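Taking it in order: structure first as structure tokens, then the write-up.
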Amino acid sequence: MTFLHNEPPHPPAVAARPEPTSPQGGEVNRPQERVRVLSVLVEDGSNTLSKVSGLIRRRGFHVLSISVGPSHQPGRSRITLQIDHGHAEADQVRKQLERLVEVIQIEDVTGEDVHSRELVVAKVSASEVKGLVERGAKVLDTGPDGTTVEFAGEGKDVCDFINELIRHGVLDVARSGPVVMRRTA
Amino acid sequence: MILEALEREGVEFIFGYPGGANLPIYQHLPEHPKLKHILVRHEQGAAHMADGYARACGKPGVVFATSGPGALNLVTGLATAYMDSVPMIAITGQVASTQVGRDAFQETDVIGATSSVTKHSYLVTNIDQLPRVIHEAFHIATTGRPGPVLIDICKDVQQASAERINTERLDIPGYQLNGHVNLDRAREAARAVANAERPVILAGHGVILSHAEAELREFAEKAGAPVGTTLLGIGAFPVNHPLSLHMTGFMGTGWNLKAVQNADVLMMVGMRIDDRVTARLADFAPKVKTFIHIDIDGSEMGKNVRPHIELVADAKNALEAMTPHIGELHEGRGQWFSQIDAWREEHPLKYTHSNGHLQPQDVLIDMYRRCRSEAIVVADVGQNQIWAALWWNYDRPGLFLNSGGSGTMGFALPAAIGAKIGRPDADVWCVAGEGGFVMTAQELSVAVEHQLDIKIVLLNNFSLGMVRQFQDDFYGGVRSQSELTHMPDFVKLADAYGMPAVRVDTFEEIGPALDAAERTKGPFLIDFRIDPEANVYPIVPLGKGLNDFWEAPDK
């Protein structure tokens with residue numbers, strides 16, 4: 001997992017899908033843009049998350065971020081994953097996850113035209129947080145020990161926001177992985 | 001309820017071992033005389049028996065084990081079946097659902113321990129789930145790319161009763177089968193093979209699993225393309241066929257490797273293209289302009305080799321769809337066949353047989369002379385496996401069974417027992433080295449108890465032969481821990497189990513010993529004490545490409 005304050009390898013929210021760079025014909029998979037973003041609809045069961053994460057580990061992939069929550073369909077959850085596919089071909093992440101019976105639907109949205117949102121909730125020592133509010137933060141509470149704020153945005157904006165927090169005497173940060181949704185228009 | 005469900009699925013045999021957490025199932029077993037239970041001596045034996053049973057007769061093998069150590073003893077057997085896509089159902093007892101997570105006696109997270117070696121697994125904590133789960137499990141194990149499915153059933157669920165519910169309808173949204181063949185790609189693939197100057201087809205286990213051997217043969221004959229097989233694909237194409245290239249891979253035949261390395265179109269069907277097939281990947285099939293890959297599992301596409309034409313489909317359906325589109329063949333085909341014939345003459349299979357020692361090939365050649373295509377050979381892992389693969393002309397599927405992907409020593413004896421139970425009409429020969437044999441030798445009891453007519457051929461070279469060969473050739477000649485100096489007297493061991501056996505030290509004794517084995521009803525063991533220096537050839541040195549294969553030295 002990637003922890004706080006590490007620059008996350010966020011997907012470009014609006015970008016052309018990269019040309020397939022895998023070599024044709026018998027060649028070993030070469031390192032390339034190694035981060036895939038996947039939106040996975042799964043059966044909500046006690047084994048599901050461990051099967052998904054176990055598969056990612058044993059295929060030599062690496063979870064950079066993961067967000068899980070119920071979907072609008074009963075008994076089904078949505079997992080949003082950022083995965084480093086390591087030495088495997090980029091498409092292997094989707095293909096391998098597809099083999100799990102618990103996985104109902106999977107979309108690789110890397111480089112696709114999607115909304116990508118991450119949530120950060122932070123505590124700062126400052127009571128004046130004008131700079132944060134100007135960036136779009138919402139104040140959740142203020143007390144004698146400081147202020148709690150929340151901010152949602154794309155990965156890069158969240159990173160910028162966290163850098164801004166440092167100037168306000170950051171005390172603690174909790175941050176989600178991204179969730180993604182294809183754009184309507 | 002579990003046993004009724006198994007009867008509904010058409011189960012005849014269960015390979016199992018009782019224990020604390022599956023006793024409720026065993027309590028009711030005598031009420032189901034249609035379910036014949038084979039009591040093994042170790043749960044690993046049960047898993048390999050179920051595996052051998054499934055490979056021999058095509059039906060899923062069923063295994064019972066208790067929780068904790070019982071279930072964990074299945075892991076190697078599940079991994080073996082998973083790597084080779086063998087349908088199997090493992091039903092393990094789990095502690096009561098109220099005890100799960102409390103480190104109860106013999107509690108192990110079996111789902112966690114087996115997730116990576118099963119196609120799917122279920123933890124059943126509620127009786128209402130059970131009928132659906134069992135029906136689903138059989139469906140998943142036997143369809144698509146087959147594999148083992150584990151059902152971990154809490155003890156209180158085993159004791160509960162529920163109304164029988166209708167399980168006819170399956171609704172598994174996350175399990176879709178690839179039935180449809182992309183016809184444009186099938187045509188493109190067929191034309192690519194036909195238009196090739198130097199085509200080669202490689203066939204894997206998938207051809208056997210989808211019963212596509214007739215379709216493969218028709219396609220190959222019409223397309224004028226020579227066919228090699230992987231180790232697990234042996235039998236998918238007759239070795240005696242004029243188009244046969246025999247076995248491929250880093251211990252494949254010289255003419256096969258020459259053909260693969262010079263092919264311009266390589267069609268690989270029902271196989272994973274693993275490292276044992278390619279050797280050094282960067283040097284694999286360097287002249288190929290078009291790789292064609294056919295496999296039912298889409299994740300195999302590009303996993304090791306990125307194909308130019310991919311067909312995610314059942315091998316039989318794909319080949320059926322391709323054959324009508326072959327059309328005109330490239331005019332250079334005659335020259336290609338002459339070239340392959342030249343390689344076949346230049347690089348024949350050969351072995352040393354003038355040093356006074358008994359050679360394993362002598363044993364296998366005599367066995368083959370007797371059995372031809374009538375017997376099932378179940379090999380263990382190591383040199384014995386490759387000798388049994390190369391020195392026998394298998395002409396149809398299901399005659400050569402071995403642990404290919406996982407390379408599990410100790411596989412042969414229990415798998416041969418399972419194969420004999422699955423195919424009681426067939427002669428079953430178990431070919432093993434003494435190293436692997438002692439890993440599961442306790443299952444001799446099962447062969448004797450059921451008087452199973454299996455003939456055990458020990459190729460006893462007083463060492464872990466393949467390890468010793470690798471050490472000699474690739475690890476500085478240091479024979480570290482590969483010589484087995486203290487092993488049982490195998491004739492006495494067999495005798496202790498109540499099984500007749502003979503020892504063979506010379507070439508002259510081979511025939512009489514095999515005569516005795518054939519005459520004897522029930523199990524029989526022959527301890528062939530072979531040349532301790534006998535090696536497997538051809539072999540590609542570790543880290544090298546297929547071009548660099550070594551052949552048997554001329555002596």
Side-chain angles (χ1 to χ4, degrees), chain A residues 19-30 32 36 38 40-61 71 73-79 83 85-108, chain B residues 100-101 109-123 125 129 136-137 139-140 144-145 147 149-150 152 172-176 178 260 263 265-266 268 273 278 280-291 293 297-310 312:
Chain A
E19 286 297 306
T21 49
S22 55
Q24 288 269 308
E27 281 197 89
V28 194
N29 314 296
R30 295 215 177 91
Q32 43 183 306
R36 307 306 295 181
L38 297 119
V40 193
L41 188 67
V42 296
E43 266 177 42
D44 178 22
S46 55
N47 298 327
T48 300
L49 194 56
S50 77
K51 286 201 180 173
V52 167
S53 62
L55 180 138
I56 289 167
R57 175 187 52 75
R58 73 174 180 271
R59 291 288 171 184
F61 313 145
S71 75
Q73 295 160 293
R76 294 180 178 186
S77 297
R78 170 79 59 189
I79 305 180
I83 305 280
H85 60 78
H87 62 258
E89 273 206 1
D91 216 17
Q92 277 291 307
V93 185
R94 180 182 60 78
K95 286 176 170 176
Q96 293 296 341
L97 283 169
E98 230 163 31
R99 298 174 78 201
L100 291 177
V101 175
E102 289 85 356
V103 169
I104 296 163
Q105 201 182 57
I106 180 162
E107 253 191 306
D108 187 334
Chain B
V100 169
D109 170 18
V110 173
I111 299 288
T114 60
S115 283
S116 61
V117 293
T118 49
K119 185 175 174 186
H120 191 46
S121 54
Y122 300 91
L123 172 64
T125 55
Q129 305 164 331
E136 267 186 30
H139 176 69
I140 291 173
R145 178 177 179 174
V149 176
L150 181 136
D152 199 26
I172 321 173
Y175 186 68
Q176 307 294 337
N178 297 313
V260 168
V265 170
L266 184 57
M268 297 169 289
I273 326 182
T278 63
R280 188 170 184 268
L281 194 53
D283 297 336
F284 176 62
K287 297 182 184 170
V288 168
K289 295 190 198 94
T290 310
F291 281 104
H293 194 183
D297 183 347
S299 74
E300 293 300 343
M301 301 297 148
K303 188 179 81 180
N304 297 320
V305 171
R306 162 58 49 198
H308 301 89
I309 304 172
E310 62 176 57
V312 179

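Keep in mind it's a predicted model, so treat the numbers as computed, not measured.
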Where on [X] is there a heavy atom nearer than 4.5 Å to chain B: the side chain, the backbone, both, or neither?
{"X": "A/Leu41", "value": "neither"}
{"X": "A/Arg94", "value": "neither"}
{"X": "A/Val101", "value": "both"}

Next on the checklist: Measuring from atom CG of A/Leu100 to atom NE2 of B/His120, what distance do you get when rounded to the nearest 0.5 angstrom?
Outcome noted: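 Atom-to-atom, A/Leu100:CG and B/His120:NE2 are 9.0 Å apart.
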Next on the checklist: Once rounded to the nearest 0.5 Å, what's the spacing between atom NZ of A/Lys95 and atom CG of B/Asp297?
Outcome noted: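 Taking NZ in A/Lys95 and CG in B/Asp297, the distance rounds to 9.0 Å.
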Checklist entry - With a 4.5 angstrom heavy-atom cut-off, which part of B/Ile273 approaches chain A: side chain, backbone, both or neither? => result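 Neither part.
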Search all heavy atoms of [X] against all heavy atoms of [Y] and return the closest pair with its distance.
{"X": "A/Arg58", "Y": "B/Ser116", "value": "CD-CB, 3.3 Å"}
{"X": "B/Ser121", "Y": "A/Glu102", "value": "O-OE2, 4.5 Å"}
{"X": "A/Asn47", "Y": "B/Leu123", "value": "ND2-N, 4.2 Å"}
{"X": "A/Arg99", "Y": "B/Ser299", "value": "CD-OG, 3.3 Å"}
{"X": "A/Gln92", "Y": "B/Gly302", "value": "NE2-C, 4.2 Å"}

Item to check | Carboxylate-amine/guanidinium proximity below 4.0 Å for B/Lys303 and A/Glu89 | outcome: no
Item to check | Side-chain touch A/Arg76/B/Pro173, heavy atoms, less than 4.5 angstrom | outcome: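 In short, these two side chains touch, coming nearer than 4.5 Å.
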